[in-house]
Amino acid sequence: MKALASYSIKGGVGKTTAAVNLAYEASRSGARVLLWDLDPQGAATFFFRVKPGVRGGVERLLGRRGELAAHVRESDYVGLHLVPADFSLRHLDLRLDGTKRATRRLAELLEPLDDDYDVALLDCPAGLSFASEVVFETVDALLVPTVPTPLSVRTLDQLVEFLDGADLRPGRRPEVWPFVSMFDWRKALHRDLLETLAVAQPPFFPTAVPNSSAVERMGRLLQPVGAASPRTTAARGFKALWSEIAARLWP
Ligand SMILES: Nc1ncnc2c1ncn2[C@@H]1O[C@H](COP(=O)(O)OP(=O)(O)OP(=O)(O)O)[C@@H](O)[C@H]1O
Ligand SMILES: [Mg+2]
């Protein structure tokens with residue numbers, strides 16, 4: 001099983017939107033997908049109409065006998081399962097800090113499911129906390145939605161700088177895989193930055209996810225855009241982006 005995180009230091013950049021739609025596209029392509037909602041807001045859980053809550057909360061999950069399999073729920077889509085969010089995730093940092101071998105804990109929870117899924121996708125809250133560091137040591141790559149604005153690009157640079165200096169377990173530094181999120185071709189700033197990002201390091205995926213009202217409608221329809229409106233630019237964008245991600249995961 002490969003593990004990915006939808007992650008950014010910055011809030012509101014499209015992490016959850018990407019996690020939901022990429023999980024859907026991955027499952028459509030035949031992959032067995034586990035979406036793990038690590039954000040106490042539980043937006044990804046909400047989009048998949050799954051009831052939030054993990055029995056015993058993070059405390060039990062991170063405990064010595066905690067296991068992930070007990071919390072896995074089916075979604076409306078074949079091959080797409082979900083570990084719902086729980087409000088106690090707001091204490092994830094604190095709880096991890098008091099856990100032995102904390103930086104391995106999330107990886108250890110995923111390990112027993114290794115043969116059951118092709119890919120695990122973690123939807124993370126914004127910020128750079130201890131829990132984020134634990135996520136870094138858990139996943140193969142960070143998918144980083146980056147809105148083509150200077151501030152958003154700056155937080156991507158901050159992330160790379162942080163990883164360069166971070167004291168992660170050997171071999172546990174995730175790759176940073178940015179992609180353009182909420183691209184609006186009517187904005188000159190977006191168009192200009194798109195050209196710069198096309199040659200940036202670490203390399204961006206070729207597909208830019210467009211700003212789209214179909215994405216905004218997700219909150220009402222509670223379906224991934226590929227299911228609700230497959231012919232929209234957003235749905236095609238996520239589909240193309242997933243194939244680019246899959247090509248990097250399984251070259
Ligand atoms: N491609 C898009 N086109 C239009 N709106 C979008 C797009 N992507 C995201 N949005 C909207 O932007 C807002 C933030 O998106 P989202 O919740 O995915 O970001 P996030 O990074 O997960 O936020 P948070 O940091 O709060 O977890 C939402 O209202 C969402 O509908
Ligand atoms: Mg989110």
Side-chain angles (χ1 to χ4, degrees), residues 4-26 35-50 52 82-87 89-90 92-93 120-129 131-132 135 139 141-149 151-156 158-159 176-187 189-191 193-194 197 204-242 244-245:
L4 299 170
S6 191
Y7 172 82
S8 167
I9 295 178
K10 197 159 165 48
V13 291
K15 297 179 294 294
T16 299
T17 301
V20 166
N21 289 292
L22 291 173
Y24 172 78
E25 293 302 337
L35 177 61
W36 188 356
D37 191 348
L38 282 174
D39 188 338
Q41 285 185 71
T45 304
F46 172 74
F47 281 129
F48 280 113
R49 309 172 205 241
V50 170
L82 188 124
V83 176
D86 187 276
F87 201 51
L89 282 165
R90 69 193 190 281
L92 182 61
D93 236 50
L121 183 51
L122 281 47
D123 185 30
C124 303
L128 184 40
S129 61
S132 325
V135 167
V139 299
L142 304 171
L143 297 172
V144 188
T146 307
V147 182
T149 63
L151 268 187
S152 192
V153 173
R154 185 170 162 267
T155 58
L156 174 62
Q158 284 174 330
L159 171 62
V176 176
W177 290 355
F179 65 91
V180 172
S181 177
M182 301 191 213
F183 177 68
D184 188 343
W185 60 270
R186 291 166 304 186
K187 293 186 176 155
L189 179 69
H190 280 209
R191 292 197 305 270
L193 264 172
L194 195 67
L197 297 179
F204 275 64
F205 287 105
T207 293
V209 174
N211 195 298
S212 149
S213 48
V215 171
E216 285 160 20
R217 280 197 301 272
M218 278 174 60
R220 199 151 36 89
L221 301 172
L222 301 186
Q223 283 182 322
V225 286
S229 31
R231 287 142 82 104
T232 53
T233 52
R236 287 194 211 143
F238 281 115
K239 188 169 185 210
L241 181 59
W242 173 254
E244 290 161 13
I245 293 167

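Atoms within each ligand, like the ligands themselves, are counted from 1 in listed order. Note that the structure is predicted; figures quoted are calculated from it, not measured.
The closest protein non-hydrogen atom to atom 12 (O) of ligand 1 is Met182 CE, 3.5 Å. Atom 25 (O) of ligand 1 has as its closest protein heavy atom Lys15 NZ, 2.7 Å. If you check which protein heavy atom lies closest to atom 15 (O) of ligand 1, you get Thr17 OG1, 3.7 Å.
Heavy-atom proximity to Gly11, at under 4.0 Å, picks out these atoms of ligand 1: 25 (O). In the vicinity of Val13, heavy-atom distances shorter than 4.0 Å reach the ligand 1 atoms 19 (O), 20 (P), 21 (O). Within ligand 1, counting atoms from 1 as listed, the ones closer than 4.0 Å to a heavy atom of Asp39 are 27 (O). Residue-ligand proximity, Ala126 to ligand 1, at heavy-atom distances under 4.0 Å covers atoms 25 (O).
A donor-acceptor pair is defined here as one N or O able to donate and one able to accept, closer than 3.5 Å; such a pair exists between the side chain of Glu244 and the backbone of Thr207. At distances below 3.5 Å, not a single donor-acceptor pair connects side-chain atoms of Tyr7 with backbone N or O atoms of Pro145.
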Next on the checklist: Walk me through whether Val176 and Leu156 qualify under side chain to side chain contact (heavy atoms under 4.5 Å, CB included).
Outcome noted: CA-CA 9 Å; Val176 176; Leu156 174 62; 3.9 Å; yes
Next on the checklist: Evaluate Phe238 against Thr17 for side chain to side chain contact (heavy atoms under 4.5 Å, CB included), listing each step before the verdict.
Outcome noted: CA-CA 10 Å; Phe238 281 115; Thr17 301; 3.9 Å; yes
Checklist entry - Which is it for Met218 and Val215 under the side chain to side chain contact (heavy atoms under 4.5 Å, CB included) test, yes or no, and what are the steps along the way? => result CA-CA 5 Å; Met218 278 174 60; Val215 171; 4.3 Å; yes
Item to check | Working for side chain to side chain contact (heavy atoms under 4.5 Å, CB included), residues Leu4 and Trp177 | outcome: CA-CA 10 Å; Leu4 299 170; Trp177 290 355; 4.0 Å; yes
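Considering both main-chain and side-chain atoms, Lys10 never comes within under 3.5 Å of ligand 1 through any nitrogen or oxygen pair. The distance criterion of under 3.5 Å between nitrogen or oxygen atoms is met by Ser212 with respect to ligand 1. Geometrically, ligand 1 and Gly12 share a nitrogen or oxygen pair separated by less than 3.5 Å. For Thr16, a nitrogen or oxygen atom sits less than 3.5 Å from a nitrogen or oxygen atom of ligand 1, counting backbone and side chain alike. For ligand 1, none of its N or O atoms has an N or O atom of Val209 under 3.5 Å away.
Counting only protein N, O or S atoms, 1 lie closer than 2.8 Å to the Mg ion (ligand 2).
Going from atom CG of Leu82 over to atom OG1 of Thr45 covers 5.0 Å, rounded to the nearest 0.5 Å. Leu121 contributes atom CG, which lies 7.5 Å from atom CH2 of Trp242 (distance to the nearest 0.5 angstrom). The distance from the CG atom of Leu143 to the CG atom of Leu22 is 6.5 Å, given to the nearest 0.5 Å. Between atom CG of residue Leu151 and atom OG1 of residue Thr146 there is a gap of 12.5 Å, rounded to the nearest 0.5 Å. Here OG1 of Thr16 is found 10.5 Å from CG of Asn21. Values are rounded to the nearest 0.5 Å.
Side-chain contact between Phe183 and Pro148 is present, with heavy atoms from C-beta onward closer than 4.5 Å. No side-chain heavy atom of Gln41 sits less than 4.5 Å from a side-chain heavy atom of Pro125.
By the definition of a contact as any protein heavy atom under 4.0 Å away, atom 6 (C) of ligand 1 is in contact. For atom 9 (C) of ligand 1, the nearest protein heavy atom lies under 4.0 Å away. The nearest protein heavy atom to atom 20 (P) of ligand 1 is closer than 4.0 Å.
If you look at Gln41 next to ligand 1, the close heavy atoms, those under 4.0 Å, all belong to the side chain.
At most 12 heavy atoms of other shown residues, nucleotides or ligands fall within 6.0 angstrom of atom CZ in Phe46.
The closest heavy-atom contact to atom 1 (N) of ligand 1, among the options Gly14, Pro210, Ala234, Ala43, comes from Pro210.
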